[in-house]
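Contents: one structure, followed by commentary.
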Amino acid sequence: MNKKAKRTMGHKTAKNRKIFGQWLFFFVGALFLLLIVRFGYIGIMKKAHGVSLNNRIDILYTQKSVIQAKRGTIYDSQNNKIADNTSTYKIYAVLDKKQKTTSGKPLYVTNKTKTAKVLSKYLGLSEKEVTKILSPSSKTYQVEFGNAGAGISIETKRNIENKKLTGINFVESPAREYANGSFASQLIGIAQPTTNAKTGQTKLIGQLGLESIFNKELTGTNGVKKSKEDTSGYQIDGTKKSAKNGDDIYTTLNNKLQTLLEGKMDATASTSKATSLNAVLMNAKTGAIVAATQRPSYNTDDKTMWRNTLIEDAYEPGSTMKVFTMSAAIDSGNFNPNAYYQSGTYSLGGGQITDWNSSGWGSITYREGFERSSNVAMAHLEQTMGAKTWKKYLNRFGFMKKVNVLGMTNEAKGSAPFSGALEQANTAYGQGITVNAMQMLQGFSAVANNGKMLKPYFVKKIVDPNTNKVVQKSTKKVVGTPIKSSTAKSVLKYMQDVIYGDKGTGSVYQIDGYRVAGKTGTAQIGTASGYETGSTAYVYSFVGMAPAKNPKYIMYITLTKPKNTSSSAETFIASVFNPVMKQALDTDKAKHEKSTQGRVKVPSVKGQNVATAQAKISSLGLQYVVIGNGNKVQAQSVSSSLVLNNSRIFLMTGGDTTTVPDMNGWSKKDVVSFAKLANLKIETSGSGYLTSQSIQANTAVNTGQTLTVKFEKK
């Protein structure tokens with residue numbers, strides 16, 4: 001290449017570089033200008049609309065979803081679920097033939113004949129009805145199946161899905177499952193799915209019973225999940241606020257006894273054809289309701305029956321009220337069981353009080369009057385006490401005041417006009433006064449519980465499942481002492497006359513293997529215009545306590561207007577009381593026998609000579625240790641209690657000398673007990689059983705002397 005050519009090429013290269021530089025400068029400048037304009041625009045937009053671009057981006061690319069809180073579970077006393085969460089489904093069919101997968105597979109109903117045949121089997125519709133729904137007259141995207149296609153269980157859903165029908169889909173809704181059906185339904189209540197019109201979300205709302213009263217606690221609080229995504233849909237950030245599940249409720253209801261009661265009540269309601277039937281079994285020592293139900297029970301098809309009649313119904317109790325009349329008369333010193341009165345009729349306050357046997361039984365004692373359920377006897381007792389005293393005891397027993405059982409609302413307070421001598425006397429045998437079942441149970445508890453009246457309860461505790469913390473707890477609560485313990489014992493004795501006496505009205509309530517204290521009742525049904533008429537227009541009732549000497553359970557049953565007169569009201573009531581009370585007592589007996597197996601009750605040997613006491617203790621398979629050198633037992637370490645076989649019983653005999661026994665192999669508990677009873681100081685080391693002692697066996701010791709012992713594990 002010549003010099004001229006080289007110069008020409010060099011000139012062109014330089015020129016090209018210059019042009020490239022100019023273009024580069026122009027491009028960079030334009031880009032810079034674009035950024036300035038962009039940021040300027042953003043600034044203008046911020047200023048014009050007051051909107052943060054960063055916030056706008058967050059809104060565009062942040063996904064928000066609700067984390068549903070789990071509704072709390074309701075349990076019985078054995079931790080079995082009474083009410084739990086589940087799901088129901090609504091079925092619909094897609095008919096639009098445009099609906100296909102990306103690969104072309106149909107997402108609509110392709111075979112109406114097959115679909116109709118399958119759905120008719122599970123929806124309770126005929127094939128013809130299903131086919132008609134699947135063949136609307138106008139073009140439709142999808143169709144539903146009305147009530148027949150709603151509330152479908154997960155089992156039915158799975159059965160339909162297994163048939164591989166195209167175009168059939170389901171919408172899930174939260175639901176509440178009551179595994180045992182009518183199990184204490186008036187107490188537990190019901191929760192139903194409710195859809196919020198604004199949000200479109202469906203959640204369970206309590207309608208009745210515990211489900212309603214504790215709806216807020218059971219519902220819990222929903223959580224929120226937020227996630228940020230870039231423009232390609234990849235998650236780049238996220239936050240989460242966990243849901244707080246609803247509180248769990250633990251009741252006092254015994255699964256076995258409640259189930260038995262429900263079955264017996266079903267049978268009795270069916271055979272008696274009674275208008276209503278109520279029954280409650282309560283622990284007489286704690287107030288805990290272990291079984292309770294009513295008939296009619298809650299009926300989802302007849303919302304008029306959605307009432308808790310155990311607390312909402314006020315009625316005249318009849319002769320079961322005589323338990324309180326007797327209690328008041330005895331407690332106030334106005335009862336002489338052996339005094340006589342003329343039965344049959346009693347004129348008072350311009351009216352007449354009549355026994356159920358209007359001709360009476362002649363001149364009989366007041367004890368026999370109670371046994372025969374004489375109205376006249378109770379009226380005389382009320383007159384003897386005086387209206388002021390009787391009214392005082394009615395108040396003490398809690399009548400005309402709400403019991404306020406936790407979990408029960410709309411309680412009927414009850415009333416008693418108490419306006420004149422006749423009206424006042426009527427209340428003594430359960431007419432002219434209205435009560436509810438919980439008031440009666442609360443009052444009965446004083447008789448069964450040595451004069452101490454207990455508040456009924458059936459919610460044992462409410463627990464936060466998120467922390468396992470007990471947020472509310474119910475326990476035994478004494479709400480009064482209306483009568484003395486001695487009075488309660490006397491009333492129980494007279495109540496046994498009703499069951500076992502020759503003239504008693506309650507012999508049908510006897511239970512094999514157990515003694516029962518009880519009282520029958522029959523009351524007229526009051527209306528605004530007087531009392532109802534008719535051969536069965538009564539509220540029949542019974543209260544039973546067992547075992548009679550020291551009741552563990554109280555059972556109260558009412559039966560209203562039975563239409564079947566082929567059997568007595570007492571027979572119908574006994575068909576519920578006897579098996580349920582016996583089952584409760586048998587269960588307690590079995591538990592006691594199991595807990596006492598391998599145990600011995602230590603007899604009292606206080607005051608007996610040492611040799612006799614030693615022989616008695618040894619005969620029971622127990623060991624004895626004599627402390628002191630006296631001739632008679634002055635005290636003993638254990639008395640009238642159950643202990644394990646081969647346990648050591650320390651017998652204190654006094655005297656002037658105490659010797660140390662050979663304690664080799666003794667437990668630390670026995671060694672410490674001996675040292676304490678012998679007034680010795682003790683120093684111990686190790687654990688297990690004694691292997692050495694500082695004071696040799698059979699050595700006399702002085703008060704305050706130190707005993708050093710060593711223990712080793714075997």
Side-chain angles (χ1 to χ4, degrees), residues 184 186-187 251-254 257-258 261 265 276-294 308-324 327 393-394 396-408 411-414 430 433-460 474-483 488 491-492 495 509 516-521 523 539 541-546 551-559 573 576-577 580-581 584:
Q186 77 288 348
L187 301 180
T251 70
T252 61
L253 301 173
N254 180 288
L257 293 173
Q258 182 70 38
L261 178 60
M265 289 282 278
S276 67
L277 187 62
N278 288 345
V280 187
L281 178 66
M282 187 175 85
N283 186 313
K285 301 306 178 188
T286 66
I289 296 171
V290 295
T293 195
Q294 66 181 54
N308 181 355
T309 58
L310 297 176
I311 203 78
E312 295 180 46
D313 277 10
Y315 55 93
E316 296 182 50
S319 294
T320 47
M321 195 72 188
K322 293 171 184 174
V323 171
F324 303 111
S327 296
Y393 277 95
L394 286 174
R396 283 187 180 183
F397 278 112
F399 293 108
M400 284 79 76
K401 290 180 289 188
K402 291 184 178 182
V403 178
N404 290 320
V405 176
L406 181 65
M408 294 186 184
E411 180 176 357
K413 186 178 178 181
I433 181 173
T434 59
V435 301
N436 67 55
M438 291 299 121
Q439 288 174 331
M440 294 293 280
L441 272 171
Q442 180 174 268
F444 290 140
S445 71
V447 175
N449 194 43
N450 297 311
K452 294 180 180 179
M453 190 164 69
L454 302 175
K455 182 176 181 176
Y457 69 97
F458 76 103
V459 175
K460 183 165 59 176
S474 297
T475 55
K476 173 181 176 180
K477 184 177 181 180
V478 177
V479 291
T481 309
I483 55 177
V491 176
L492 284 172
M495 288 174 71
Y509 300 106
V516 176
K519 183 69 191 78
T520 57
V539 176
S541 59
F542 178 71
V543 57
M545 305 177 187
K552 173 67 182 292
Y553 293 105
I554 304 167
M555 191 167 187
Y556 180 54
I557 304 174
T558 62
L559 177 92
I573 294 174
V576 176
F577 173 83
V580 175
M581 178 63 85

Where is the tightest heavy-atom contact between [X] and [Y], given as atom of each residue plus distance?
{"X": "Ala446", "Y": "Ala488", "result": "O-CB, 3.8 Å"}
{"X": "Thr320", "Y": "Phe444", "result": "O-CE2, 3.9 Å"}
{"X": "Phe324", "Y": "Gly443", "result": "CE2-C, 3.4 Å"}
{"X": "Glu316", "Y": "Thr434", "result": "CG-CG2, 4.1 Å"}
{"X": "Phe577", "Y": "Val516", "result": "CZ-CG1, 4.1 Å"}
{"X": "Pro317", "Y": "Ser541", "result": "O-OG, 3.6 Å"}

[atom1]-[atom2] distance between [X] and [Y], expressed to the nearest 0.5 angstrom:
{"X": "Asn308", "Y": "Met438", "atom1": "CG", "atom2": "CE", "result": "7.5 Å"}
{"X": "Glu411", "Y": "Asp313", "atom1": "CD", "atom2": "CG", "result": "12.0 Å"}
{"X": "Met555", "Y": "Leu261", "atom1": "CE", "atom2": "CG", "result": "5.0 Å"}
{"X": "Thr558", "Y": "Leu310", "atom1": "OG1", "atom2": "CG", "result": "8.0 Å"}
{"X": "Met282", "Y": "Met545", "atom1": "CE", "atom2": "CE", "result": "8.5 Å"}
{"X": "Leu257", "Y": "Leu281", "atom1": "CG", "atom2": "CG", "result": "6.0 Å"}

Determine whether [X] and [Y] make a side-chain contact, defined as any pair of heavy atoms from C-beta on separated by less than 4.5 Å.
{"X": "Ile433", "Y": "Leu394", "answer": "yes"}
{"X": "Ile311", "Y": "Gln186", "answer": "no"}
{"X": "Met495", "Y": "Val447", "answer": "yes"}

Side chain to side chain donor-acceptor pair (under 3.5 Å) with Lys285: which residues, sequence neighbours excluded?
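Applying side chain to side chain donor-acceptor pair (under 3.5 Å) to Lys285 gives Asn550.
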Could you list the residues that satisfy side chain to side chain donor-acceptor pair (under 3.5 Å) with Gln258, not counting sequence neighbours?
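By the side chain to side chain donor-acceptor pair (under 3.5 Å) rule, Gln258 matches Glu262.
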Parallel, tilted or perpendicular, judged at 30° and 60°: which one describes the rings of Tyr509 and Phe542?
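Geometry flag for Phe542 against Tyr509: parallel rings.
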